[in-house]
There are 2 protein chains.
Amino acid sequence: MSHSGFAPHDHSHCIADTMAAAEAHCAREKLQFTKVRRRVLEILLSEHKALGAYQILEKLGAEGLGSQPPVAYRALDFLGRIGFVHKIEKLNAYVACSQPGDAHAPAFMICRLCDSVAEAAESPNDGSLAHAAQTAGFTIEKTVVEAEGVCPDCRTRG
Amino acid sequence: MSHSGFAPHDHSHCIADTMAAAEAHCAREKLQFTKVRRRVLEILLSEHKALGAYQILEKLGAEGLGSQPPVAYRALDFLGRIGFVHKIEKLNAYVACSQPGDAHAPAFMICRLCDSVAEAAESPNDGSLAHAAQTAGFTIEKTVVEAEGVCPDCRTRG
DNA sequence: CAGAAAGTGTTATATCATAACAAACGAGTT
DNA sequence: AACTCGTTTGTTATGATATAACACTTTCTG
């Protein structure tokens with residue numbers, strides 16, 4: 001995954017790549033990459049933005065793949081645990097990971113105008129938060145880093 | 001506010017200080033620091049942790065200050081707008097600000113064992129996120145920075 | 001004081017998420 | 001192929017978080 005954030009790119013290519021990576025990951029780890037899980041990841045990849053669980057569920061339902069909330073939440077939970085999907089806490093919504101496989105502390109830029117979401121790699125062990133944690137004696141296990149603002153496209157347009 | 005994060009401190013003093021600061025702020029800005037708003041801030045200050053809106057509402061209700069969700073949400077919204085309360089997105093919960101008045105991009109350390117929350121000041125304009133945003137041409141308006149982990153007290157105890 | 005603005009009380013409902021249990025499926029074994 | 005254990009899915013029900021809308025009251029302002 002080399003394209004950055006909001007830059008235009010061949011999206012069908014990046015969908016295929018990530019699907020293949022997920023396939024490979026599950027094979028390696030002996031995890032089941034089932035129809036529902038596969039489809040949820042595809043849906044998230046084909047949108048370039050965060051989707052709510054119920055939006056995903058609606059699409060699944062239209063295809064006969066389950067219509068009750070737990071179906072979507074379980075798939076999202078699975079994809080989150082294997083690192084191919086992240087939750088955007090600010091939006092209560094979910095996005096496909098753009099650096100799957102890498103161990104990374106994800107950081108997100110969320111456009112409040114078009115709802116697109118770009119992921120930036122954060123190094124977990126620098127920055128003022130890490131410094132403050134060290135000073136306070138706090139052990140960081142997970143981080144949520146999200147910036148809300150305006151993406152370059154929307155800025156240009158308006 | 002000089003004590004840092006998880007360090008012990010004279011809490012009644014810091015409650016009084018912040019209440020006075022809120023009082024003064026509202027007077028300056030000609031905003032109404034009403035009974036409900038005052039009480040919500042007091043409740044949040046007297047706990048040193050994040051409370052859900054419904055937990056706050058329960059306490060309000062016990063005192064005859066309104067028992068329906070909008071009462072709590074409106075007070076939280078007001079206190080958030082004037083910068084005396086922050087929402088912890090990860091927990092869907094609210095904490096009193098420990099640097100009220102200062103313009104600051106808050107960052108939080110959340111102990112997953114005791115639920116205490118400490119606020120660290122982040123400088124919004126450095127760190128890898130700000131750098132990534134600049135590179136991408138993204139304009140940051142607000143940030144959510146939250147670290148989940150174990151606080152020094154819990155680490156020592158267990 | 002009168003009118004306007006802001007805040008509150010209340011009903012109803014939207015939105016996000018999980019518990020619990022039964023049925024179906026999948027991978028490995030006999 | 002049938003067996004069996006663990007995983008996944010389907011389904012019902014409910015819990016948890018949050019807001020819309022409107023009537024009423026309080027507070028501000030002229």
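Numbered from 1 within each chain, the chains take letters A, B, ... in sequence-line order. These numbers come from a predicted model, not from an experiment.
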Note to self: If I take atom CG in residue A:D77 and atom C1' in nucleotide D:dT8, what distance separates them, rounded to the nearest angstrom?
What the structure shows: 13 Å
Note to self: If you assign A:P70 and A:L31 each to the DNA chain D nucleotide with the nearest heavy atom, which residue ends up on the more 5' nucleotide?
What the structure shows: A:L31
Note to self: In whole Å, I'd like the distance from the CG atom of A:L76 to the P atom of C:dA17.
What the structure shows: 9 Å
Check: If you check the B:V71 side chain, which of C:dG9, D:dA18, C:dC21 turns out closest?
Finding: C:dG9
Note to self: What is the separation between atom NZ on B:K90 and atom C1' on C:dA17, rounded to the nearest whole Å?
What the structure shows: 14 Å
Checklist line | Whether B:H11 side chain and B:L45 backbone form a donor-acceptor pair below 3.5 Å | finding: yes
Item checked: Over 12 foreign heavy atoms within 6.0 Å of CD, B:Q134 -> no
Notebook entry, point to check: Do B:R81 and B:E29 sit within salt-bridge range, that is, some charged N less than 4.0 Å from a carboxylate O?
Noted result: no
Margin query: Rounded to whole Å, how long is the line connecting atom CD1 of B:I82 with atom P of C:dA6?
Written below: 16 Å
Note to self: With nearest nucleotide decided by heavy atoms, which residue, B:P69 or B:R37, maps closer to the 5′ end of DNA chain C?
What the structure shows: B:R37
Next item on the list: Using a heavy-atom cut-off of under 4.0 Å over every strand shown, decide if A:Y94 touches base, sugar-phosphate, or nothing.
Entry: sugar-phosphate
Check: From the list C:dT11, D:dT12, D:dT17, which nucleotide is the closest neighbour of the side chain of B:Q68?
Finding: C:dT11
Margin query: Mind checking if A:L60 touches a base, just sugar-phosphate, or nothing, with heavy atoms under 4.0 Å?
Written below: nothing
Notebook entry, point to check: What integer distance in Å separates A:K87:NZ from C:dT18:P?
Noted result: 7 Å
Check: Can you check the A:E89 CD to D:dA16 P distance for me, whole Å?
Finding: 18 Å
Check: Can you find a donor-acceptor N/O pair under 3.5 angstrom joining the side chain of A:Y73 to the base of C:dA19?
Finding: no
Next item on the list: Take atom OH of B:Y54 and atom P of C:dC16, then tell me their distance rounded to the nearest Å.
Entry: 14 Å
Margin query: If you only use heavy atoms from C-beta on, which nucleotide in D:dT8, C:dT8, D:dT17 is closest to the side chain of A:T34?
Written below: D:dT8
Checklist line | Selected nucleotide, minimal atom distance to B:Q32 side chain, candidates D:dC28, D:dT9, C:dT18 | finding: D:dC28
Check: Rounded to the nearest 0.5 Å, how far apart are CG of A:L79 and CZ of A:R37?
Finding: 7.5 Å
Note to self: Expressed as a whole number of angstroms, how long is the span from B:L65:CG to C:dT8:P?
What the structure shows: 10 Å
Check: Taking only side-chain nitrogens and oxygens of B:N92, does any of them come within less than 4.0 Å of OP1 or OP2 of C:dC16?
Finding: no
Checklist line | Enclosure of A:K87 NZ (heavy-atom neighbours >12, cutoff 6.0 Å) | finding: yes
